[in-house]
Each structure stands twice: as C-alpha cells, then as structure tokens.
Amino acid sequence: MAMAVDAMLVMLGLGTGIWVWVLDHAPSYASEATTLVWFSLVSLPVWLGVFRWQRLYAERDDSRLISDVLRVFNAVVLGSVVYIVLAWPINLEIPRVVLFVAMSVMLPSLILERQVIRMVVRRRRLQGVGLKPLAILGANSEAISLAETLVDPILGRNVVGFISTRANVPEVLCGLPVHVSVDPAATAKQLGVDSVVIAATSLDSTAPTGLLRSFLDRRIEVEMTSALTGVANDRIHVHAVGAFPLIRIDPGYRGGWRAMAKRAFDIVGSVAMLVVLSP
C-alpha cells in the first residue's frame, strides 16, 4: 500500500514540476512535456527501487519523526539523481525547475504519508490487529524481561510462549507456557510463529550457529537480544571480522537536528560541487 501511494506521490511531484515548466514556456513545449510525462511513468519502478534501497518500507519500531525525515530526504535526492542519469542515454534533458518543484512536492507529502501510516498502524496494533506472533527462546530473567517489554502492542508483537532447551524450568512464565524442546525450530514451527527472539544469555556460546540455521531453514525470522541495553541504537553497528560478527559502538553520535543539519550540509555541498564540476 505504501509503495502504491509513493508511486502516486512521485508522479504528482513530477507532474506538477512538468506543468509549472510548461506554463513558464511557450505552448510549443507541449510535445517535450508529453515525453517527460511518459519518461516519468516508465521511471516509477526505479524510484520505488531507490525508496526500498533506502529502507522506506522496512518494518521499524523507531517512532522518531527525524528518522523518517532523513530517510525520505535521502531517498528523494538519490531518486532525483538516478532520474537524471536515466534520461542521459536517450538525450532527454530534464529541466531544473521540474526537479526543484517535484522535490518540493515529494518531500513534505512523503513525510506526511509516513506519519499517517504510522498512526494507522499504531491504532490497528492497539486493537490487536497486525501483531506478529513470536516465541521467545530462553526461560531466564532476560527472557522474562523481554516478554514484559513485548507485551506492549505498539511494538507489533504477540508473544505466544517460551521455548527452552533446558529441562529444569517452570511450566509457565509471565502467564505464558514454557515449551521444553531439544529441537526449538520444530517447536516454533508447531506453534505457528513467524519469528523467534533469542534471549542471548540463555544460550551456550557454542550453540547459536546451528540453532540459527535450523530456524532460518524453516523460514522463521530470528532476532537476538544484546546486553548493550544502555547504549543508543544509532551508535551500535554490526560488522564481521573473519568468522566473528563484532558489535562496534560509535564513540559519539550527533542525534536529532544536529544529525539532520550535518546530513543536509553534506548533501547540499556534494550536489553543489557536482553542478560546478559537471561541465
């Protein structure tokens, strides 16, 4: 649904830009305008591909407006650059006013659309609609804390129970059943869950690799907790060193309006230099 609305908003922006350009020129530009309209229609899948690449359709629990603004800004700027690049092989000149007006229309409309979608999703989740069924792997204190956190429907999860590979655990935790199993992936499949959240402290250090593969082979999404609960999520990055996935923590992070201002400066400066160097 979001992709369909995005396609309409992209065409609204480009169409408005073409319309403003035609009004500012002689009627003889009508044929060029028709070519631009058809080119814009053909380029729609590319715009949506760029939006997807910029994770505009990724499921996120981050409700900060600044995150949506930054993602939309990056996506629109990159989409505009790709739009120009696609027109170059066919010798189609894209008037600057078209892109300026299109971006002026797309940016606020796409940001507003995402806020409306967020409100609709939150309301539906509060009504119990659209919650993702999941199981928690583990039956220790971390797993209990995780279940108490995920009980909030705003997070979009519906915990159906716990799965434990250890036998000496209670039968019920947080009012939910605890399933003891030597094959957690098979048990998760029987429970009909879409995903499993692993309480990392409940696992043996040698277990995760084979366990993760068994879940993924059954097309069950896997998430794992981290002990870094006191660190801002934006400062945490995962990268591989040999066979080991390592977590890197940024020493400092500029959040809020500072991050947006820096990003805007980077992009505006880069675009300005590209325009100067393009001849």
Problem set entry | Min side-chain heavy-atom separation P95-L36 under 4.5 Å | yes
Seminar exercise, completed: When rounded to the nearest 0.5 Å, the distance separating CG of L110 from CG of D68 is 10.5 Å
Problem set entry | Nearest heavy-atom neighbours spanning L48 and A7 | CD2-N, 4.0 Å
Problem set entry | Non-hydrogen atoms of M224 and A200 that approach each other most closely | CG-CB, 4.0 Å
Exercise. What closest approach, in Å, do G79 and V50 show between heavy atoms, and which atom pair accounts for it?
Worked result: N-CG1, 3.8 Å
Exercise. Does a side-chain heavy-atom distance below 4.5 Å link E223 with I198?
Worked result: no
For this session: Could you list who else is in V81's hydrophobic cluster, with ILVMFWY side chains joined at under 4.5 Å, directly or through other members?
Result: V85
Problem set entry | Residues forming a ring pair (Phe, Tyr, Trp, His ring centres under 6.0 Å) with Y83, sequence neighbours excluded | F39, W47
For this session: Output the distance between atom CH2 (W21) and atom CD1 (I94), rounded to the nearest 0.5 Å.
Result: 9.5 Å
Exercise. For the hydrophobic clusters of this structure (ILVMFWY residues joined by side-chain heavy atoms under 4.5 Å, transitively), does one cluster hold both V121 and L150?
Worked result: no
For this session: Measure across A135 and L191 and return the closest heavy-atom pair with its distance rounded to 0.1 Å.
Result: CB-CD1, 4.3 Å
Exercise. Which heavy-atom pair separates A139 from V178 by the least distance, and what is that distance?
Worked result: CB-CG1, 4.4 Å
Exercise. Is the closest side-chain heavy-atom distance between N140 and T201 below 4.5 Å?
Worked result: yes
For this session: Working to the nearest 0.5 Å, report the span between CZ of R123 and CD1 of I154.
Result: 11.0 Å
Problem set entry | F215/L137 under side-chain contact (heavy atoms from CB on, under 4.5 Å): CA gap, chis, key distance, verdict | CA-CA 11 Å; F215 282 119; L137 181 61; 4.1 Å; yes
Exercise. Would V196 and I136 count as a side-chain contact (heavy atoms from CB on, under 4.5 Å) if you check the C-alpha gap in whole Å, the side-chain angles of each, and the deciding distance to 0.1 Å?
Worked result: CA-CA 6 Å; V196 168; I136 296 176; over 6 Å; no
Problem set entry | L12 side chain reached by S109 side chain, heavy atoms, under 4.5 Å | no
For this session: Indicate whether any N or O donor in one side chain lies under 3.5 Å from an N or O acceptor in the other, for D183 and S214.
Result: no
Exercise. How long is the gap from CZ on R124 to CG on L131, to the nearest 0.5 Å?
Worked result: 10.0 Å
Exercise. So, D152 side chain and L155 main chain: donor-acceptor pair closer than 3.5 Å or not?
Worked result: no
Exercise. Given the rule that I, L, V, M, F, W and Y join up when any side-chain heavy atoms are under 4.5 Å apart, are L112 and V69 in one cluster?
Worked result: no
Exercise. Are T165 and V180 close enough, and set up right, to give a side-chain contact (heavy atoms from CB on, under 4.5 Å), and what steps lead you there?
Worked result: CA-CA 6 Å; T165 56; V180 178; over 6 Å; no
Problem set entry | Verify same cluster id: L14, L9 (apolar side-chain graph, 4.5 Å) | yes
Exercise. Roughly how far, to the nearest 0.5 Å, is CD of E171 from CG of L176?
Worked result: 14.0 Å
Problem set entry | Validation row: L99, I84 side chains within 4.5 angstrom (heavy atoms) | yes
Seminar exercise, completed: Closest heavy-atom pair, E148 versus C174, reported as atoms and distance to 0.1 Å, is CG-SG, 4.2 Å
Problem set entry | Over 12 non-hydrogen atoms of neighbours within 6.0 angstrom of CZ in R218 | yes
Problem set entry | Residues R118, E113: salt bridge by 4.0 Å N-O rule | no
Problem set entry | Lys/Arg-Asp/Glu bridge criterion (N-O < 4.0 Å) met for R213, D217 | no
Problem set entry | E142 and T225 side chains, donor-acceptor separation under 3.5 Å | yes
Problem set entry | Main-chain N/O of K132 paired with R157 side-chain donor or acceptor, under 3.5 Å | no
Problem set entry | same_hphob_cluster(I267, M103) at 4.5 Å side-chain heavy-atom cutoff | yes
Exercise. Under 4.5 Å between any side-chain heavy atoms of S164 and H179, yes or no?
Worked result: no
Exercise. Hey, mind stepping through V160 and L134 against side-chain contact (heavy atoms from CB on, under 4.5 Å) and telling me if it holds?
Worked result: CA-CA 6 Å; V160 301; L134 65 82; over 6 Å; no
Exercise. Are R114 and D6 within salt-bridge range, i.e. N to O under 4.0 Å?
Worked result: yes
Seminar exercise, completed: Rounding to 0.5 Å, atoms CD1 (I220) and NZ (K189) come to a distance of 5.5 Å
For this session: Would you check if V46 and L86 make a side-chain contact, meaning some heavy-atom pair closer than 4.5 Å?
Result: yes
For this session: Indicate if W53 and F73 have the same hydrophobic cluster label, given that clusters are the connected sets of ILVMFWY residues with side-chain heavy-atom separations under 4.5 angstrom.
Result: yes
Problem set entry | M3 side chain near Y57 side chain, heavy-atom distance below 4.5 Å | yes
